[in-house]
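What follows is one structure encoded as structure tokens, with my remarks underneath.
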There are 4 protein chains.
Amino acid sequence: MAPLNENQLEQKRMERKAQIMKAALKVFADNGVKLTKISMIAKEAGVSHGLVYHYFTSKDEVLYESLEWAMERNRVDQVFHELNESQLSPLEKIKQFTIFGFTQGELEVSSDIFRVVQHLAKSNENDMPDNIYDLVKKSGQFYIESLFPLFAEGQKSGEIIQGDTEELLEIYLTVISGIMADDPTWWRENMDQKVDILLRMITAR
Amino acid sequence: MAPLNENQLEQKRMERKAQIMKAALKVFADNGVKLTKISMIAKEAGVSHGLVYHYFTSKDEVLYESLEWAMERNRVDQVFHELNESQLSPLEKIKQFTIFGFTQGELEVSSDIFRVVQHLAKSNENDMPDNIYDLVKKSGQFYIESLFPLFAEGQKSGEIIQGDTEELLEIYLTVISGIMADDPTWWRENMDQKVDILLRMITAR
Amino acid sequence: MAPLNENQLEQKRMERKAQIMKAALKVFADNGVKLTKISMIAKEAGVSHGLVYHYFTSKDEVLYESLEWAMERNRVDQVFHELNESQLSPLEKIKQFTIFGFTQGELEVSSDIFRVVQHLAKSNENDMPDNIYDLVKKSGQFYIESLFPLFAEGQKSGEIIQGDTEELLEIYLTVISGIMADDPTWWRENMDQKVDILLRMITAR
Amino acid sequence: MAPLNENQLEQKRMERKAQIMKAALKVFADNGVKLTKISMIAKEAGVSHGLVYHYFTSKDEVLYESLEWAMERNRVDQVFHELNESQLSPLEKIKQFTIFGFTQGELEVSSDIFRVVQHLAKSNENDMPDNIYDLVKKSGQFYIESLFPLFAEGQKSGEIIQGDTEELLEIYLTVISGIMADDPTWWRENMDQKVDILLRMITAR
DNA sequence: TATGAATGAGAATTCATTCAT
DNA sequence: TATGAATGAATTCTCATTCAT
């Protein structure tokens, strides 16, 4: 066989990396960062642990690159953008966003990201490299900044209960985060009804 | 000098053990069981790691004894009993129970128990000694059995929304658990209002 | 470079394992099981202690596998078989067997096995995993069952002194075992004469 | 009660020490020096481990003092002296001495000494304090010097087989030592017959 | 004198990381 | 690129020794 050309090689390389990153995200999400061993990632990806170090220089880098890569593909920002363009009410937008969070997207990493970030947010920031800490912080920031206007608008329109908007948002995010840390599989059954119940917390009657 | 007499010795011994168990519960609650190192417990308790092994034979036993000890003092069952004796409505009882869960009791271990059990419930049961697994299971069972009648009654009286009682309870417990896994300190500020918001999930309007 | 193929790899792996097992046997034989530290085995084998755990899951397994492996190669049973086929007198057979026990075979583990088993036989069986206990028991059984007929036959032919055969065998084995526990190097000089002296114990005159 | 006077105090002190030393010897003999834990000695003596350190400054000192103390009381030298005074034949003297070695004397430490010395002789001399090493060496020397004349005399009288006297003695002592390392209880049953069998090794026919 | 609490050095084992093939 | 061998730092647990009472 003729050797692959540069492009083909690069593409093959990226596929391999993606394969590992996807596996890493799942294992990180399921077990938490600290309890995830390189061997677990390698096994999930179906490669040797040595290969992981061929593509990444350390466990921290696996984590960082995997998160960054997944966030790029995940395009929560795009989802937000589309939701905002739509004619839905604020509360309905929040619901759609929540459902999106639980859903496994086409690349099946959507909720994994959220869960990994959750694990990280709960752990001691001193145990974390700066770049990862930044990613986590930025991610949290992003959700707050994106959701805050929806909450505010909903309160204005009377759809959402009154009170300190920031605190309300914080409660809502804590609840969602806590649930995510759990096994999200269960939440995917009858997701619509379950999310409706969650939203009752903030829905004005 | 003559050694202390039996009683003095036994009392001192129990105080030391309690000191370690209290520290252990806090560290287990904050970090999860697997990530808690004996050195962390020793440091929190202000003793050497060797002393921990003077009072307990293994990390697992520290965990088991600490949980058992805390559960005994905690007397959730008693709280439930008193609540049930009271004239409060089912929903109000659930609220009081929830508040109790977040509260640090006089011995300051109340919510730690809940959190440790949460960590354990999320981890693989195969990594757990039988006696600890039993404790966790019994604890979960207890909450379900105690709360189920309140939910059912509340639905009957129209105070709580209709629907599959078991599923409703499950959602409620998952949410509470998820929150607990988080830093519960935050929840203690304005706890009453926050719990009110949580309860809106199940409150009929 | 491409990784080694299956066969090459497997062979290298087995060589390494053998290297460690041989070292382990020697150190176990010299120091007894409990007093043997993994670091001593690693040092004797010229590898890091980590590598020992790459090939074996625990110290107990090093012991078990090493013994099993050595017993397989040692083929005492085969020696017995050949001796029995021969035209030698019972006493002569016992002598040859005794010499074989002291001898370092081609793989140089023969007497180490005996010595390790001796150490184990003397230690508390409760401190021993079942599979190791079985190995030790089976080994002891084997010697008794193989030698008993020779002793009986020798007594019948008048070559061996009269008396309780079982007790005689027990004395003989205790003596041999006790010697083995000692440094067997010394016994290898003038072995023939020394064994002759030992055999005088049971030789009829 | 009136306080004890100096002498009584000193006597009580010595009794306590003796109690511990006797226990120590037994445990050292049964388990070997390295595997004997202070707690085992304390338990055997029925005192707390702290008390052991009240009378001795270290484990090594317990060993050294216990051996020295036992050797003094044991008076093997006296036994030898008495045997030599007697009219017995050399071989018979060797037999009596051997029996004495197996026997538990009135203070029940006789064979324990021998066994502890055996354990020590087998272990690495670098792990041993000088004074203990000297004790062991002196002890070995003593047996050799005391028995050599008996062997030589026996060979001269034709009672003992010919050959290098030193080597013969060495074989004999190795065998006895090896047996001692084992459980000597078994040897005490029918001791006379068993020792007769042992002696056949060196008996001329 | 006597007890047991307390400490810390050392040993088994795990796992991130590097290296030879 | 790919594998798994090899290393050593970190963690649990044991035990000699010291100390307070």
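Bear in mind the structure is a predicted one, so any value in this text is a computation, not a measurement. Proteins get letters first, then strands, A, B, ... in listed order; numbering begins at 1 in each.
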Exercise for review: Let me know the distance between NZ of B:K12 and C1' of E:dG4, rounded to the nearest Å.
Suggested key: 9 Å
Revision key, fill the gap. Taken to the nearest whole Å, CG/D:L51 to P/F:dC19 is 17 Å
Check your understanding: With sequence neighbours excluded, what pairs up with B:N126 under the side chain to side chain donor-acceptor pair (under 3.5 Å) test?
Key -> B:N124
Check your understanding: Taking OP1 and OP2 of F:dG4, is either one under 4.0 Å from a side-chain nitrogen or oxygen of C:R13?
Key -> no
Review point. Does some side-chain heavy atom of C:I41 sit less than 4.5 Å from a side-chain heavy atom of C:V47?
Key: no
Practice item. Can you tell me the distance, in whole Å, between the CG atom of B:N7 and the P atom of E:dG4? Key: 14 Å
**Study point:** A:Y53 side-chain proximity, nearest of F:dG4, E:dT17, E:dA5
**Key:** E:dT17
Revision key, fill the gap. Taking for B:V52 and for C:G50 the nucleotide of DNA chain E with the nearest heavy atom, the one nearer the 5' end belongs to B:V52
Practice item. Describe the nucleic acid contact of B:F56 in one word from base, sugar-phosphate, nothing, applying a heavy-atom distance below 4.0 Å. Key: nothing
Practice item. Could you tell me which residues satisfy side-chain contact (heavy atoms from CB on, under 4.5 Å) with D:K43, sequence neighbours excluded, listed by chain and number? Key: none
Exercise for review: Check whether any side-chain heavy atom of A:F56 lies under 4.5 Å from a side-chain heavy atom of A:K17, and answer yes or no.
Suggested key: yes
Point to revise | Between E:dA11 (C1') and C:D60 (CG): distance, integer Å | key: 14 Å
Exercise for review: Please tell me which of C:T57 and B:H54 maps to the more 5' nucleotide of DNA chain E, matching each residue to the nucleotide holding its nearest heavy atom.
Suggested key: B:H54
**Study point:** Nucleic acid contacts of residues 124-134 of chain C, taken as heavy-atom distances under 4.0 Å to DNA chain E
**Key:** none
Check your understanding: Whole Å only: how far is the CD atom of C:Q11 from the C1' atom of E:dT21?
Key -> 15 Å
Review point. Please give, in whole Å, the distance from F:dA2 C1' to A:I20 CD1?
Key: 10 Å
Exercise for review: Return one dot-bracket line describing DNA chain F 5' to 3' (Watson-Crick or G-U wobble pairs, both distances under 3.5 Å; ( ) same strand, [ ] crossing, | another strand, . none).
Suggested key: .||||||||||||||||||||
Practice item. Could you tell me which residues satisfy side chain to side chain donor-acceptor pair (under 3.5 Å) with D:D130, sequence neighbours excluded, listed by chain and number? Key: none
Review point. From F:dT12, E:dA6, E:dT17, pick the nucleotide closest to the side chain of B:R16?
Key: E:dA6
Exercise for review: Check side-chain contact (heavy atoms from CB on, under 4.5 Å) between A:N131 and all other residues, then give those that pass, not counting sequence neighbours.
Suggested key: A:Y64, A:P129
Review point. What is the distance, rounded to the nearest whole Å, between atom CG of A:L63 and atom P of E:dA16?
Key: 13 Å
Review point. To the nearest Å, how far apart are D:E61 CD and F:dT17 P?
Key: 10 Å
**Study point:** Check: A:M21 and A:V62 side chains under 4.5 Å, non-hydrogen atoms
**Key:** no
Review point. Considering only heavy atoms, which members of residues 31-49 of chain C lie under 4.0 Å from some atom of DNA chain F?
Key: C:V47, C:S48, C:H49
Point to revise | A:E15: partners by side chain to side chain donor-acceptor pair (under 3.5 Å), with sequence neighbours left out | key: A:Q11
Exercise for review: Using the test side chain to side chain donor-acceptor pair (under 3.5 Å), find all partners of A:R16 that sit at least two apart in sequence or belong to another chain.
Suggested key: A:Q19
Point to revise | Sequence-distant partners of A:K122, salt bridge (Lys or Arg N to Asp or Glu O under 4.0 Å), two or more places apart | key: none
Review point. Counting side-chain heavy atoms from C-beta on, which of E:dT13, F:dA2, E:dA6 comes nearest to B:Y55?
Key: E:dA6
Could you pull out every donor-acceptor pair under 3.5 Å between side chains of residues 27-36 of chain D and any protein atom, sequence neighbours left out?
residue	atom	partner	partner atom	Å
D:D30	OD1	D:R115	NH1	3.2
D:D30	OD1	D:R115	NH2	3.2
D:D30	OD2	D:K26	NZ	2.8
D:N31	ND2	D:V27	O	3.0
D:T36	OG1	D:V27	O	3.3
D:T36	OG1	D:G32	O	2.7

Exercise for review: Enumerate the residue pairs fulfilling side-chain hydrogen bond (donor to acceptor under 3.5 Å, both in side chains) with a member in residues 44-60 of chain B, sequence neighbours excluded, ordered by first and then second residue.
Suggested key: B:T57-B:E61
